[in-house]
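Worksheet: the structure to be examined is printed underneath.
The residues of the chain are indexed from 1 along the displayed sequence.
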Amino acid sequence: MTLLSNPRSSINPMVRGSCWAFCISSPYGPSISRCLSAGGGSRNLPVSREGHMPASIRHLRMFLALGRSNSVTQAAEANHVSQPAVTQAMVKLAQETGHPLFLRRPQGLFLTEAGELLHHRAERALRMLDAAMSDMDRAVRIQATWPQLVALIAVTETENFTMAAHRVGLAQPTVHRSTTTLEKAAGTTFFQRTAHGLISTRAALQLAQAARLAMAELDQAESDLATLNGREVGRIVIGALPLSRSGWLPSAILGFRNLRPSFPFHIIDGRYDELLLGLRRGEIDMMLGALRLPSPIEDIDQERLFDDEVVVVARPGHPLSGKGRPGFTDLAAYPWVVPRRSTPLRGVLDACFHERAPTNVIETSSVIMMREILRQSDYLGGLSKMQAEVEAGVLAILPVRLPNASRPIGITTRAGWEPTRAQKDFLDLLRRTASRL
């Protein structure tokens, strides 16, 4: 959620019916965000995927309590604060979201449509944090702040306070103080110091992962709330495996842009394990390409959309292209360029040559590199049929039928992930595009 807290902003309370509503005007526009460092000063610190510091964890806890109880008194008692503190927190939260969150009725305060959306996302976000904090001292649930959690994430990823400080743009003592304060509140050890540097404990890794996903969930909340005003906020981040880039994904993106011309996409190319890490951290919304069966880990969902076939390719005019249907002995006699081990495509090729594997092999994860090696030599290669058809004219498919060459292609997401409206629309378009392949 964007914090509209620029000191030159003017806050004008207005009454819309009987809702709590606040209007913020800023000379910098509605995207200004500011956060407090652990030391109390202000710095620009892009911490969520959209570059904003989410609303205060304490304020979100008060908001959830008020949404459940419909009573400021009960929300104050549940959070061990005064009633004015709850009221002020809700005023600030409405200001930050730009939406009235509660409707006043004789029976109490009830969530508006915007309040319901935020309540659902905030509940999911804090449930993730609370699960990671379940074995820690209860004080950490009250005292933890987003800047402290951002510092924790940076240190667990770099395992070095100086590098972590450089990553988040803060001084090293500030990052050290943030993680130390959080560690004391948790009543557990987050880092073990060795001669080679820091080693993150299981507690630190679990809390850092929960914080990443919680901030990603609040990014989703920002998109949900913007939709109520007819605005589009956020972007779709896609981890694209090689096959998805050969027609399927480009067609879906172009179709989506016809519906939403300005909606941003961020396409990340990479190896499966790299993209999977980004997906599980909440940095990527979905992965597209060959599915892994069985699933490599329990916290992802895989949706099969269609099957693709592995084929043998070579340059046009290759000696085997005019030999009818070559056998596996003929194929093994030539040098090969193949993808990395652990990929489904490589698994198909290895299974074909388990008795007599080619002795001259080049491994590469780059389709461009494979294409150029094949184009300039008598090497053979393995590609998905969809990719090979895109390369028609440069590469030729040999008349060889590989056993068990079919592999499932589809969408991989985090287990329990709830897409925004824009993400749902794009997923539907991906499915329709796949059905026409």
Side-chain angles (χ1 to χ4, degrees), residues 46-51 150 153-160 163-164 166-168 199-200 204-206 208-213 215-216 219 235-246 248-250 252-253 264-305 308 310 337-350 362-371 382-384 386-387 407-417 419 423 426-427 430:
V47 295
S48 73
R49 204 175 67 190
E50 303 305 331
V150 169
I153 291 170
V155 178
T156 57
E157 291 179 355
T158 62
E159 297 191 331
N160 181 283
M163 293 174 64
H166 179 74
R167 173 174 294 190
V168 299
I199 298 177
S200 302
L205 293 173
Q206 288 180 340
Q209 172 68 354
R212 290 188 197 95
L213 296 182
M215 287 190 284
D219 276 344
R235 57 180 174 166
I236 298 176
V237 184
I238 300 169
L241 294 167
L243 182 140
S244 69
R245 304 193 288 267
S246 302
W248 172 38
L249 175 57
I253 290 176
F265 283 88
H266 185 193
I267 314 300
I268 302 175
D269 300 342
R271 302 199 310 262
Y272 181 86
D273 52 351
E274 295 170 340
L275 297 178
L276 181 63
L277 179 61
L279 178 77
R280 297 179 63 223
R281 286 180 169 179
E283 298 159 0
I284 292 175
D285 296 319
M286 62 193 77
M287 284 172 56
L288 306 180
L291 305 181
R292 268 48 176 177
L293 300 176
S295 177
I297 199 159
E298 295 180 352
D299 61 357
I300 61 172
D301 289 331
Q302 300 188 108
E303 179 184 356
R304 174 186 165 277
L305 296 183
D308 186 60
V310 178
V337 54
V338 297
R340 297 168 52 250
R341 294 186 184 277
S342 79
T343 63
L345 197 155
R346 178 63 180 273
V348 170
L349 296 175
D350 287 348
I362 296 174
E363 286 190 6
T364 178
S365 58
S366 168
V367 175
I368 296 175
M369 177 67 73
M370 176 183 288
R371 181 188 65 196
L383 270 183
S384 77
M386 184 181 294
Q387 289 174 293
R407 56 186 185 145
I409 309 300
I411 303 169
T412 303
T413 57
R414 291 187 302 280
W417 176 67
Q423 291 163 348
F426 182 67
L427 286 168
L430 280 172

Give the C-alpha distance, both sets of side-chain angles, the deciding distance and a yes or no for side-chain contact (heavy atoms from CB on, under 4.5 Å) between Glu303 and Leu427.
CA-CA 11 Å; Glu303 179 184 356; Leu427 286 168; 5.8 Å; no
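- The CD1 atom of Ile411 lies 13.0 Å from the CD1 atom of Ile300; values are rounded to the nearest 0.5 Å.
- The structure places OH of Tyr272 at 12.0 Å from CG of Leu277, a figure rounded to the nearest 0.5 Å.
- Nearest approach of Asp308 to Ser384, heavy atoms of both residues: OD2-CB, 2.6 Å.
- A donor-acceptor pair under 3.5 Å is formed between the side chain of Thr158 and the backbone N or O of Ala154.
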Assess whether side-chain contact (heavy atoms from CB on, under 4.5 Å) is satisfied between Arg407 and Leu243, documenting all intermediate values.
CA-CA 11 Å; Arg407 56 186 185 145; Leu243 182 140; 3.7 Å; yes
Donor-acceptor pairs under 3.5 Å, side chain of residues 290-298 to any protein atom, not counting sequence neighbours: which ones?
unit_1, atom_1, unit_2, atom_2, d
Arg292, NH1, Ala290, O, 3.0
Ser295, OG, Ile297, O, 2.8

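- Each of Leu288, Thr412, Leu241 was checked for a side-chain contact (heavy atoms from CB on, under 4.5 Å) with Leu275, and the lone residue meeting it is Leu241.
- Within the 4.5 Å cutoff, the side chain of Ile284 has no heavy atoms near those of the His266 side chain.
- Here the side chains of Leu383 and Arg371 are not in contact, with every heavy-atom distance at 4.5 Å or above.
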Could you give me the CA-CA distance, side-chain angles and deciding distance for Arg271 and Thr343, then say whether side-chain contact (heavy atoms from CB on, under 4.5 Å) is met?
CA-CA 9 Å; Arg271 302 199 310 262; Thr343 63; over 6 Å; no
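- Of all heavy-atom pairs between Gly289 and Ser244, the closest is N-CB, 4.2 Å.
- A distance of 11.5 Å separates CZ of Arg235 from CD of Gln423, quoted to the nearest 0.5 Å.
- Contact detail for Leu249 and Ala240: the closest heavy-atom pair is CD2-CB, 3.9 Å.
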Given side-chain contact (heavy atoms from CB on, under 4.5 Å), test Asp301 with Trp417 step by step and report yes or no.
CA-CA 9 Å; Asp301 289 331; Trp417 176 67; over 6 Å; no
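- The minimum heavy-atom distance linking Arg245 with Asp269 is given by the pair CD-OD1, 3.3 Å.
- The distance from the CD atom of Gln387 to the CG atom of Leu345 is 7.5 Å, given to the nearest 0.5 Å.
- The minimum heavy-atom distance linking Gly282 with Arg414 is given by the pair CA-NH1, 3.3 Å.
- Every residue two or more places apart in sequence or in another chain that forms a side-chain hydrogen bond (donor to acceptor under 3.5 Å, both in side chains) with Arg280 is listed here: Asp299.
- For the atom pair OG of Ser246 and CE of Met386, the computed distance is 7.5 Å after rounding to the nearest 0.5 Å.
- The minimum heavy-atom distance linking Leu305 with Leu430 is given by the pair CD1-O, 4.2 Å.
- For the pair Met215 and Val150, the minimum side-chain heavy-atom distance is below 4.5 Å.
- Counting heavy atoms from C-beta on, the side chains of Glu157 and Arg212 come closer than 4.5 Å.
- Residues Phe265 and Ile238 form a side-chain contact, since some pair of their non-hydrogen atoms from C-beta on lies under 4.5 Å apart.
- In this structure, the side chains of Leu276 and Asp273 stay at 4.5 Å or more apart for every pair of heavy atoms.
- Put simply, CD on Glu283 and CG on Asp219 are 11.5 Å apart, with the number rounded to the nearest 0.5 Å.
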